[in-house]
Structures are given as structure tokens and as C-alpha cells.
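Everything on this sheet refers to the single structure shown next.
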Amino acid sequence: MRENDRVTSATRQPGTPSAALRPRLIATDLDGTLLRDDKSVSARTVAALAAAEEAGIEVFFVTGRPARWMGVVSDHVHGHGLAICGNGAAVVDLHGGPGAHRFVKVRELARRNALDAVRQLRAAAPGTVFAVEQTYGFHQEPDYPKLHMEIPDNLLPAERLLAPDGPDADQPVLKILAYHPDLDPDAFLTLARLAIGDRANVTRSSPSALLELSGPDVSKASTLALCCAERGISHEEVVAFGDMPNDVEMLTWAGQSYAMGNAHPDVIAAASGRTVANNEDGVAVVIEQLLADRF
């Protein structure tokens, strides 16, 4: 929402400290947040990111995307070159460019947990189909739809993909994708969280009934907190942006947080402020205001 062309802040959530410190790090989701719907980064947004880095504010891309899909922003990672991918399952150095990225930190989903989660979700929601995301591999069940515009490395049942002697068994599992053709996306998320319990962290970022399962303590927020701790940055010094349920923990954790104008209701409730939609460069609007207020 805007008043006189300025972004307005919503009432902060109970227990969330007001932002008294100057921001030192900007953490932004990509799809539906930084990127426009055509998956482009606008010239205004590119300029805002560069201005933030020039002002000494680090910018971290924090996304559910795998590392191989980061080419769209690899030219904008600036000095540190790092991005948080897979909903916190990996910290990736993008300096090498597409296809030459390096995994700096991996927070895997144990295969035993993954198998338990698959079995519980099959029982709770018959018709669910699965895909497996690894550090360098992507595998799926034969009935899993072509959602990702890529050719899977293997077509096998999830139980076979996750077996100790399954394909790429030497590679960590970053997350499991679970798709249901008929269920409402939010209802599927609630059902899955109840069924899976603490075996995995369950969230979603797609408008369809597509869930993402990571390690029990793995989220955008927990991995971002680790990266900030390594830099001596407190959560009060972080400004975060997001639009979907997989951003909720990060927005709750950050000292300042903004839900996009196109955000899911849970995101709006979690954030301390709102900005305009991704197609209106909502992230850039806030960065420009932050820099104007700072200087």
C-alpha cells in the first residue's frame, strides 16, 4: 500500500523489535518478489541492488530455487557472490557462473527422514507424486508432472530414488517436492504438516498444490541466521522481502520485513510492512527509501 507515493509500514507483530539499527543486509526472495512475472530483473531493481551494495549493505538472494536456476541473478551477487538456495538447504557461491557454482554449505534432508515423510504423505493424501532435488541431480516419479521445464535424471518411484543404493546415492538430498493434482494448495500444506510432523520442514512457494520438504530445522530463516552470525550481523540489522509461505519464517525473524503487494495472506500477517507488487518493483521501492532515509 502507498500514501503519497511512499511505502507504508504495517503494525509490527507482537514480540518483533522495531528497527532501531541501520540495515546491514538485505535478504530477498526471487520469484514473485524481486523478479517480475516474466522472470526478469528490472533496470530499476538492478540499480537499487547496486546502490545498496555501494552503500555497504550486503544483498542476499534467499530462494527456493535450486542453484542451477540462479543464472537470472548471477550477475547481481556483487562481491560476496553467495545465495541461499533450496529454501535454506544450500549456500552457493555463484561466482563461477551458470553450471560452475560451488556449494559452500549444505543442510541435507536425511534419506531416512525423506522416506518416512514420503510414506506418511502417500497415506494421508493418496495421489501425491514426488520428485527429489539433490546437489547436482533432479529425479522424479513417472507420474510427476512436467512442472520445472527440465529433463529429470531418473524416472523411478520415490522409495527407489531415496534408497541407500539409489541414483546419485553419494549426493545429499536437498529437498523433496510433493505434488497433488486435486487438493487446494493451503489445505495440502496443512495436511502434510500434520502427517509428516517433525520428520521434515514442509512449506510451499508455488500457486499449485506443490509442497517442498527440507530437513527438520532447515528454512530460509535458519540458514540466513547462520550466514548473518558468520558476519556479525544481528537480525535487527536485516531487511527481508517475500511473497509466499516459504518466506514466513524469514520475515518473522528479520528486524524489518516487507510483504509484496501480491503476497499470500500468511506472508502479509508475518511481515512488519508492505510494499507494492513484484511487477511494480516493490523491492526497489523500499531499498530506495531506505537509502534516502539513511543518507
Side-chain angles (χ1 to χ4, degrees), residues 1-13 16 19 22-23 25-55 57-65 69-78 83-84 87 185-186 203-208 210 220-221 224 238-295:
M1 65 185 83
R2 303 178 82 173
E3 293 179 2
N4 298 323
D5 291 327
R6 290 180 64 82
V7 178
T8 62
S9 292
T11 302
R12 295 197 65 83
Q13 302 304 306
T16 305
R22 288 185 172 184
L25 187 142
I26 291 168
T28 179
D29 173 52
L30 294 181
D31 297 283
T33 300
L34 188 83
L35 304 181
R36 291 188 169 186
D37 287 348
D38 64 2
K39 307 306 179 185
S40 66
V41 186
S42 73
R44 181 179 183 181
T45 297
V46 170
L49 296 176
E53 292 276 359
E54 181 68 22
I57 303 172
E58 288 194 75
V59 176
F60 262 65
F61 300 126
V62 188
T63 178
R65 287 184 172 221
W69 289 6
M70 294 299 288
V72 67
V73 292
S74 60
D75 290 339
H76 310 298
V77 290
H78 299 281
I84 296 172
N87 290 328
D186 285 329
T203 190
R204 76 177 187 89
S205 60
S206 170
S208 64
L210 176 65
K220 289 184 175 186
L224 178 61
V238 176
V239 181
F241 299 87
D243 74 302
M244 287 297 281
N246 64 330
D247 297 312
V248 165
E249 295 97 331
M250 178 174 73
L251 298 182
T252 303
W253 177 82
Q256 295 183 62
S257 58
Y258 291 87
M260 308 304 293
N262 50 290
H264 186 281
D266 289 351
V267 175
I268 294 170
S272 59
R274 290 191 70 181
T275 184
V276 294
N278 62 317
N279 284 333
E280 300 175 71
D281 300 330
V283 173
V285 169
V286 174
I287 292 175
E288 290 164 359
Q289 183 174 315
L290 289 172
L291 294 177
D293 293 344
R294 180 172 179 175
F295 300 105

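Keep in mind that what you see is a predicted model, and the values were worked out from it rather than measured.
Considering all non-hydrogen atoms of both residues, Ala259 and Ala271 come closest at N-CB, 3.5 Å. Closest non-hydrogen pair, Gly282 versus Met260, comes out as CA-CE, 3.8 Å. The two residues Ala52 and Leu291 have their closest heavy-atom pair at N-CD1, 3.9 Å. The two residues Pro245 and Val267 come nearest to each other via the heavy atoms N-CG2, 3.9 Å. For Ala270 against Thr252, the heavy-atom pair with the smallest separation is CB-OG1, 3.7 Å.
In this structure Asp266 satisfies the salt bridge (charged side-chain N to carboxylate O under 4.0 Å, His left out) test with no other residue, sequence neighbours excluded. Partners of Thr33 by side chain to side chain donor-acceptor pair (under 3.5 Å), not counting sequence neighbours, listed by chain and number: Asp29, Asp243. Under the rule for a side chain to side chain donor-acceptor pair (under 3.5 Å), the partners of Asp37 that lie at least two apart in sequence or sit in another chain are Asn278, Asn279. Applying the salt bridge (charged side-chain N to carboxylate O under 4.0 Å, His left out) rule to Glu288 yields the partners Arg44; only residues at least two apart in sequence or on another chain are considered. Every residue meeting the side chain to side chain donor-acceptor pair (under 3.5 Å) condition with Ser42, not counting sequence neighbours, appears here in chain and number order: Thr45, Asp281. In this view, Ser205 and Glu212 satisfy the side chain to side chain donor-acceptor pair (under 3.5 Å) rule, not counting sequence neighbours.
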Would you please test Phe241 and Leu34 for side chain to side chain contact (heavy atoms under 4.5 Å, CB included) and show each step? CA-CA 8 Å; Phe241 299 87; Leu34 188 83; over 6 Å; no

Kindly indicate, with the supporting measurements, whether the criterion side chain to side chain contact (heavy atoms under 4.5 Å, CB included) is fulfilled by Trp69 and Leu30. CA-CA 11 Å; Trp69 289 6; Leu30 294 181; over 6 Å; no

From CA spacing to verdict: side chain to side chain contact (heavy atoms under 4.5 Å, CB included), Lys39, Asp31: CA-CA 7 Å; Lys39 307 306 179 185; Asp31 297 283; 2.8 Å; yes

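Arg204 places a side-chain N or O within 3.5 Å of a backbone atom of Ser206 that can act as its donor or acceptor partner. Side-chain atoms of Asp247 come within 3.5 Å of backbone atoms of Met244 as a donor-acceptor pair (strictly under, hydrogens ignored). With hydrogens and angles ignored, the 3.5 Å screen pairs a side-chain donor or acceptor of Ser257 with a backbone N or O of Ser272. The backbone N or O of Ala240 sits nowhere less than 3.5 Å from a side-chain atom of Gln256 that would complete a donor-acceptor pair.
Side-chain contact between Ile26 and Glu58 is absent, with no heavy-atom pair separated by less than 4.5 Å. His264 has its side chain within reach of Asp186: a pair of non-hydrogen atoms, C-beta onward, lies under 4.5 Å apart. Side-chain contact between Leu49 and Ile287: present, with at least one pair of heavy atoms (C-beta onward) separated by less than 4.5 Å. Between Leu25 and Phe60, the closest side-chain pair of non-hydrogen atoms falls below 4.5 Å. A heavy-atom distance below 4.5 Å is found between the side chains of Val239 and Tyr258. Contact check for Leu35 versus Phe61: no side-chain heavy atoms found under the 4.5 Å cut-off. Lys220 has its side chain out of reach of Glu249: every pair of non-hydrogen atoms, C-beta onward, lies at least 4.5 Å apart. Residues Thr275 and Val283 have side chains not in contact (no heavy-atom distance under 4.5 Å, counting atoms from C-beta outward).
Between Asn246 and the choices Thr63, Thr203, Asn87, the side chain to side chain donor-acceptor pair (under 3.5 Å) rule is met once, by Asn87.
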